[in-house]
*Asks:* 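Before I ask anything, here is the structure I am working with.
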There are 2 protein chains.
Amino acid sequence: MKKPDQHRPTEAEMAILQILWETGPVSVRTVHETLYPTGDAGYTTTLKLMQIMVSKGLAKRNTEQRTHIYRANVQEKIAKQNLVTKLVNLAFKGSESQLVMQVLGNRNASPEELQQIKDMISLIESNQNNS
Amino acid sequence: MKKPDQHRPTEAEMAILQILWETGPVSVRTVHETLYPTGDAGYTTTLKLMQIMVSKGLAKRNTEQRTHIYRANVQEKIAKQNLVTKLVNLAFKGSESQLVMQVLGNRNASPEELQQIKDMISLIESNQNNS
DNA sequence: TCATAAATACGAAATGTTTCGTAGCAAATA
DNA sequence: TATTTGCTACGAAACATTTCGTATTTATGA
């Protein structure tokens, strides 16, 4: 059997999910205006995408009112991890640390960010020692 | 003016680029058999993709011999960084360190990998202090 | 009430990517 | 030489994703 692609949102779907995750349940109108403040796309484009997301199980909606209210139906972490995994398999031979090395090597992280990452590593290390 | 998407290979193109980067200039036949050892795709599929890659500037080819020899025409690091940037913008609000945190938090990196990353951070930090 | 505005539903066009079939030609070989 | 094999070229089919036009319905307010 094949792994369901349910947690691999497309690019456009991902942009919408971000908004659903951040702002909680909202209408299509709200998503649309957040996404295209300058009206770069038609309203029905956003509507259609969100309807597709419901049909794929990426979102749910409440249809009690005339204006339907949508919410995310996938976990933020899981969805993002799936995207990371896809990239890692595509470009880094499946090695996540290779991806991390590339990111660290290629860009100027601020001292604060580096400290954050070091703290994270310490945390993982202490967990490893406790198990 | 718009940023040329020249360094944003598609998924299939990326798979081919990996081979070009790893093995150097090769024929379509070689790429095809590396990619599909069990013949999961037709030869002309690979051929067509590689021709497209040339037209997009992702690859170059030597046509002196009857069997054309292809080589990558984008730098491995740059192409991969572009993919990373795309993901970071799509899912991590443009913050690469947020991506790193997600990767570290979600998966079991080995102690060796963690050490590698720590070394990398130290290196960056010492560079920051010297500038 | 009646016109306007705002929402959903839906099909289909537009776009991008991948896959493949066929034709034509050149090289190897029976 | 005649046949088969292997290569490129190219158009188009097959798919997936995104965008939009139109019809219909429901609410709003002049």
Side-chain angles (χ1 to χ4, degrees), chain A residues 2-19 25-36 38-71 79 82-83 86-87 90-91, chain B residues 2-19 25-36 38-71 79 82-83 86 90:
Chain A
K2 210 174 173 188
K3 189 194 314 181
D5 222 32
Q6 211 168 10
H7 296 296
R8 289 263 167 93
T10 68
E11 227 170 297
E13 288 166 350
M14 195 66 191
I16 291 171
L17 278 176
Q18 307 275 19
I19 294 169
V26 281
S27 66
V28 173
R29 174 74 45 194
T30 301
V31 168
H32 180 65
E33 286 175 356
T34 305
L35 217 46
Y36 306 103
T38 54
D40 286 346
Y43 172 81
T44 55
T45 298
T46 306
L47 171 64
K48 179 69 166 186
L49 274 171
M50 293 179 73
Q51 288 171 339
I52 290 172
M53 288 170 73
V54 169
S55 78
K56 285 186 183 177
L58 292 169
K60 286 196 170 179
R61 65 176 174 181
N62 182 324
T63 60
E64 278 165 20
Q65 303 303 124
R66 183 167 85 100
T67 301
H68 298 354
I69 299 299
Y70 290 71
R71 66 180 196 278
N82 278 324
L83 290 181
K86 185 175 160 190
L87 174 65
L90 188 63
Chain B
K2 209 172 169 189
K3 189 194 314 177
D5 220 34
Q6 210 170 13
H7 295 297
R8 287 259 165 96
T10 67
E11 226 171 295
E13 289 166 352
M14 195 65 192
I16 290 171
L17 278 176
Q18 305 276 19
I19 294 168
V26 281
S27 66
V28 173
R29 174 73 47 195
T30 301
V31 169
H32 181 66
E33 286 175 355
T34 306
L35 218 46
Y36 306 104
T38 53
D40 285 345
Y43 172 82
T44 55
T45 297
T46 306
L47 170 65
K48 180 70 166 184
L49 274 171
M50 294 178 73
Q51 288 171 338
I52 290 172
M53 288 170 73
V54 169
S55 77
K56 287 187 183 176
L58 291 170
K60 286 197 170 179
R61 66 177 175 181
N62 182 326
T63 59
E64 279 166 20
Q65 303 304 122
R66 184 168 83 100
T67 299
H68 297 356
I69 299 298
Y70 290 71
R71 67 179 194 281
N82 278 323
L83 290 181
K86 183 175 163 191
L90 189 62

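Order of the sequence lines sets the chain letters (A, B, ...), proteins ahead of strands, with each chain counted from 1.
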*Asks:* From the list C:dT19, C:dA6, D:dC20, which nucleotide is the closest neighbour of the side chain of A:A41?
*Replies:*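 Comparing C:dT19, C:dA6, D:dC20 against the side chain of A:A41, the answer is D:dC20.
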
*Asks:* Can you tell me how far P of C:dT18 sits from CG of A:L90, to the nearest Å?
*Replies:*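 Nearest whole value for this atom pair: 10 Å.
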
*Asks:* Between the protein and nucleotides 10-14 of chain C, which nitrogen or oxygen pairs are less than 3.5 angstrom apart?
*Replies:*
from	atom 1	to	atom 2	distance (Å)
C:dG11	N7	A:K48	NZ	3.3

*Asks:* Show, in sequence, the C-alpha distance, side-chain angles and deciding distance for A:T67 and A:R29, and conclude whether the side-chain contact (heavy atoms from CB on, under 4.5 Å) test is met.
*Replies:* CA-CA 9 Å; A:T67 301; A:R29 174 74 45 194; over 6 Å; no

*Asks:* Round to a whole Å and report the spacing from CD of B:E11 to P of C:dT17.
*Replies:*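 These atoms are roughly 11 Å apart.
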
*Asks:* Send over the distance from A:L58 CG to D:dA16 C1', rounded to a whole Å.
*Replies:*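 One finds 15 Å between C1' of D:dA16 and CG of A:L58, rounded.
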
*Asks:* Please list every donor-acceptor pair under 3.5 Å in which a side-chain atom of residues 39-54 of chain A meets a protein atom from a residue at least two apart or in another chain.
*Replies:*
from	atom 1	to	atom 2	distance (Å)
A:D40	OD1	A:T38	OG1	3.3
A:D40	OD2	A:T38	OG1	3.3
A:T46	OG1	A:H32	ND1	2.7

*Asks:* Looking at every heavy atom in both A:L17 and A:L58, which two are closest together, and how far apart are they?
*Replies:*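 In this case the closest contact between A:L17 and A:L58 is CD2-O, 3.9 Å.
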
*Asks:* From C-beta outward on A:L49, which listed nucleotide comes closest to its side chain: C:dC20, D:dT8, D:dT18?
*Replies:*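 The closest nucleotide is D:dT18.
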
*Asks:* Could you grab the distance from atom CD of B:E64 to atom CD1 of B:I69, nearest 0.5 Å is fine?
*Replies:*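 It comes to 10.5 Å.
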
*Asks:* Do any of residues 61-69 of chain A sit with a heavy atom less than 4.0 Å from DNA chain C, and if so which?
*Replies:*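 DNA chain C contact set from residues 61-69 of chain A: A:R61, A:R66, A:T67, A:H68.
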
*Asks:* Without decimals, in angstroms, what is the distance between A:M50 CE and D:dC20 C1'?
*Replies:*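 From A:M50 CE to D:dC20 C1': 17 Å.
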
*Asks:* With a 4.0 Å cut-off on heavy atoms, is A:T10 in touch with a base, just the backbone sugar-phosphate, or nothing at all?
*Replies:*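 Result for A:T10 = sugar-phosphate.
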
*Asks:* Quick one: which of D:dT19, D:dT8, C:dT18 gets closest to the side chain of B:I52?
*Replies:*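 When the side chain of B:I52 is considered, C:dT18 is the closest of D:dT19, D:dT8, C:dT18.
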
*Asks:* Would you kindly give the CZ-to-C1' distance between B:R8 and C:dT15, to the nearest whole Å?
*Replies:*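 From B:R8 CZ to C:dT15 C1': 18 Å.
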
*Asks:* Using 0.5 Å steps for rounding, measure from the CG atom of A:N82 to the CE atom of A:M14.
*Replies:*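 Spacing of CG (A:N82) from CE (A:M14) equals 9.5 Å.
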
*Asks:* Report the distance from atom CG of A:L90 to atom OG1 of B:T10, rounding to the nearest 0.5 Å.
*Replies:*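 Between atom CG of A:L90 and atom OG1 of B:T10 there are 9.0 Å.
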
*Asks:* For A:H32 and C:dA7, what is the distance between atoms NE2 and P respectively, to the nearest whole Å?
*Replies:*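 Atom NE2 in A:H32 sits about 11 Å away from atom P in C:dA7.
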
*Asks:* Quick one: CG on A:L87 to CD on B:E11, what's the gap to the nearest 0.5 Å?
*Replies:*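 With rounding to 0.5 Å, CG (A:L87) is 10.0 Å from CD (B:E11).
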
*Asks:* Specify the closest pair of heavy atoms between B:T34 and B:T30, including all atoms of both residues, with the distance to one decimal.
*Replies:*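 Looks like OG1-O, 2.7 Å.
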
*Asks:* Between D:dT18, C:dA6, D:dT8, which nucleotide gets closest to the side-chain atoms of A:A12?
*Replies:*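 Nearest nucleotide to the side chain: D:dT18.
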
*Asks:* Please state whether the phosphate of D:dT8, meaning OP1 or OP2, lies under 4.0 angstrom from any side-chain nitrogen or oxygen of B:Y43.
*Replies:*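 Indeed, a polar side-chain atom of B:Y43 lies that close.
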
*Asks:* Rounded to the nearest 0.5 Å, what separation is found between the CZ atom of A:R8 and the CG atom of A:L83?
*Replies:*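 Answer rounded to 0.5 Å: 7.5 Å.
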
